[in-house]
Undergrad: 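Dumping the structure here so I can ask a few things about it.
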Amino acid sequence: MTRTVGSFSVDDVAPAIDFYTTVLGMHVTPLGDHGPLWLGGPDGHETLVYAKPDHEPATFTVLNVVVDDITQAVDDLVDRGVRMRRYDGIDADDRGIHRGPGRAIAWLEDPAGNSIAVVEFD
């Protein structure tokens with residue numbers, strides 16, 4: 001074994017490339033015209049994203065993006081047109097940020113409807 005990587009599906013890689021590059025500022029490496037693609041984080045961790053014709057959005061968070069300042073990160077995302085996601089039963093402030101023990105977290109969706117979290121750890 002040489003390594004392990006996480007992965008998740010999308011319905012179309014073209015909007016995913018634009019979203020993860022433009023909105024989240026991640027390094028994206030497509031492996032062909034129709035995917036899959038590698039998402040690269042600033043720490044060198046990679047996640048494989050692949051197109052799936054019968055894709056259904058995940059019912060759980062598929063990617064956590066760790067930030068130093070969640071308030072600023074959420075404000076920047078909203079300025080880019082992102083709408084923060086809210087979940088019933090999870091208290092959140094007016095920005096959509098939930099603050100809990102050891103962390104603050106806010107959720108959004110990628111173009112395929114997958115849940116992405118922005119997280120600040122204490």
Side-chain angles (χ1 to χ4, degrees):
M1 183 180 320
T2 60
R3 67 179 174 155
T4 60
V5 298
S7 66
F8 60 90
S9 70
V10 296
D11 54 351
D12 186 354
V13 295
I17 290 169
D18 183 56
F19 175 80
Y20 287 101
T21 302
T22 306
V23 176
L24 292 186
M26 297 181 76
H27 179 74
V28 176
T29 305
L31 300 175
D33 291 338
H34 301 289
L37 55 99
W38 287 110
L39 296 181
D43 59 356
H45 178 79
E46 293 181 310
T47 302
L48 184 67
V49 177
Y50 58 93
K52 184 177 176 205
D54 59 346
H55 167 78
E56 290 187 30
T59 59
F60 53 88
T61 302
V62 298
L63 185 68
N64 292 282
V65 178
V66 179
V67 297
D68 292 327
D69 183 342
I70 194 164
T71 301
Q72 184 63 54
V74 167
D75 287 350
D76 290 347
L77 288 165
V78 169
D79 287 348
R80 292 184 197 125
V82 173
R83 191 178 62 133
M84 303 315 291
R85 187 177 209 181
R86 295 179 182 268
Y87 291 100
D88 291 337
I90 299 178
D91 293 328
D93 65 17
D94 60 339
R95 286 182 168 89
I97 301 170
H98 168 74
R99 298 184 188 278
R103 52 127 176 72
I105 186 168
W107 292 271
L108 57 136
E109 288 183 5
D110 75 0
N114 293 312
S115 181
I116 309 298
V118 178
V119 185
E120 176 187 330
F121 292 106
D122 291 346

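All residue numbers refer to positions in the sequence shown, counting from 1.
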Undergrad: Verify the cluster assignment for Val23 and Tyr20: are they in a single hydrophobic cluster under the rule of side-chain heavy atoms below 4.5 Å apart?
TA: yes

Undergrad: Would Thr61 and Ile116 count as a side chain to side chain contact (heavy atoms under 4.5 Å, CB included) here? Give the steps.
TA: CA-CA 5 Å; Thr61 302; Ile116 309 298; 5.8 Å; no

Undergrad: What residues join Ile105 in its hydrophobic cluster, counting side-chain heavy atom gaps under 4.5 Å, either direct or through other members?
TA: Val66, Tyr87, Ile90, Trp107, Val119, Phe121

Undergrad: For a 4.5 angstrom cut-off between non-hydrogen side-chain atoms, does Ile70 reach Arg99?
TA: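 Side-chain contact under 4.5 Å: yes.
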
Undergrad: Of all heavy-atom pairs between Gly96 and Ala106, which one has the smallest distance, and what is that distance?
TA: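 Looking at all heavy atoms of both residues, the closest pair is O-CB, 3.6 Å.
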
Undergrad: Please report the shortest heavy-atom distance between Ala16 and Pro111, naming the atom on each side.
TA: N-CG, 4.4 Å

Undergrad: Let me confirm one number: the CZ-CD1 distance from Arg103 to Ile97, rounded to the nearest 0.5 Å.
TA: 12.5 Å

Undergrad: Ignoring hydrogens, what is the shortest heavy-atom contact between His55 and Asn114? Give both atom names and the distance.
TA: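 Minimum heavy-atom contact is CE1-OD1, 3.5 Å.
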
Undergrad: OG/Ser115 to CG/Leu108 distance, rounded to the nearest 0.5 angstrom?
TA: 7.5 Å

Undergrad: Hey, what do you get for CZ (Phe8) to CZ (Phe60), rounding to the nearest 0.5 Å?
TA: 10.0 Å

Undergrad: Using the side chain to side chain contact (heavy atoms under 4.5 Å, CB included) rule, pick out the option among Leu77, Leu24, Asp76 that qualifies with Val118.
TA: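 One option only clears the test, and that one is Leu77.
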
Undergrad: Not counting sequence neighbours, which residues clear salt bridge (Lys or Arg N to Asp or Glu O under 4.0 Å) with Asp75? List them please.
TA: Arg95

Undergrad: Does a sphere of radius 6.0 Å around CG in Asp68 hold more than 12 heavy atoms from other residues, nucleotides or ligands, not counting ones at 6.0 Å or beyond?
TA: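 For Asp68, atom CG is not crowded (no more than 12 foreign heavy atoms under 6.0 Å).
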
Undergrad: Please list all pairs meeting salt bridge (charged side-chain N to carboxylate O under 4.0 Å, His left out) that have one or both residues in residues 10-31, counting only residues at least two apart or in different chains.
TA: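 Matches after skipping sequence neighbours: none remain.
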
Undergrad: Does Asp88, at its CG atom, have more than 12 non-hydrogen atoms belonging to other residues, nucleotides or ligands within less than 6.0 Å?
TA: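 Check fails, neighbour count at 12 or below.
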
Undergrad: Which pairs of donor and acceptor atoms, one on a side chain in residues 41-48, lie under 3.5 Å apart (sequence neighbours left out)?
TA:
residue	atom	partner	partner atom	Å
Asp43	OD1	His45	N	3.0
Glu46	OE1	Arg3	NH1	3.0

Undergrad: For Arg83, what residues pass the side-chain contact (heavy atoms from CB on, under 4.5 Å) criterion, not counting sequence neighbours?
TA: none

Undergrad: To the nearest 0.5 Å, how far apart are CG in Leu63 and CE in Met26?
TA: 5.0 Å

Undergrad: Show the nearest heavy-atom pair for residues Ile17 and Pro30, with the distance to one decimal.
TA: CD1-CG, 3.9 Å

Undergrad: Val5 and Trp38: side chain to side chain contact (heavy atoms under 4.5 Å, CB included), yes or no, with the steps?
TA: CA-CA 10 Å; Val5 298; Trp38 287 110; 4.0 Å; yes

Undergrad: Arg85: which residues meet the salt bridge (Lys or Arg N to Asp or Glu O under 4.0 Å) condition with it, sequence neighbours left out?
TA: Glu109

Undergrad: What heavy-atom pair brings Met84 and Val78 nearest, and what distance separates the two atoms?
TA: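 Met84 and Val78 have their closest heavy atoms at CG-CG2, 4.1 Å.
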
Undergrad: Looking only at heavy atoms, what is the nearest atom pair of Ala92 and Arg86, with distance?
TA: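 Looking at all heavy atoms of both residues, the closest pair is CB-NH1, 3.6 Å.
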
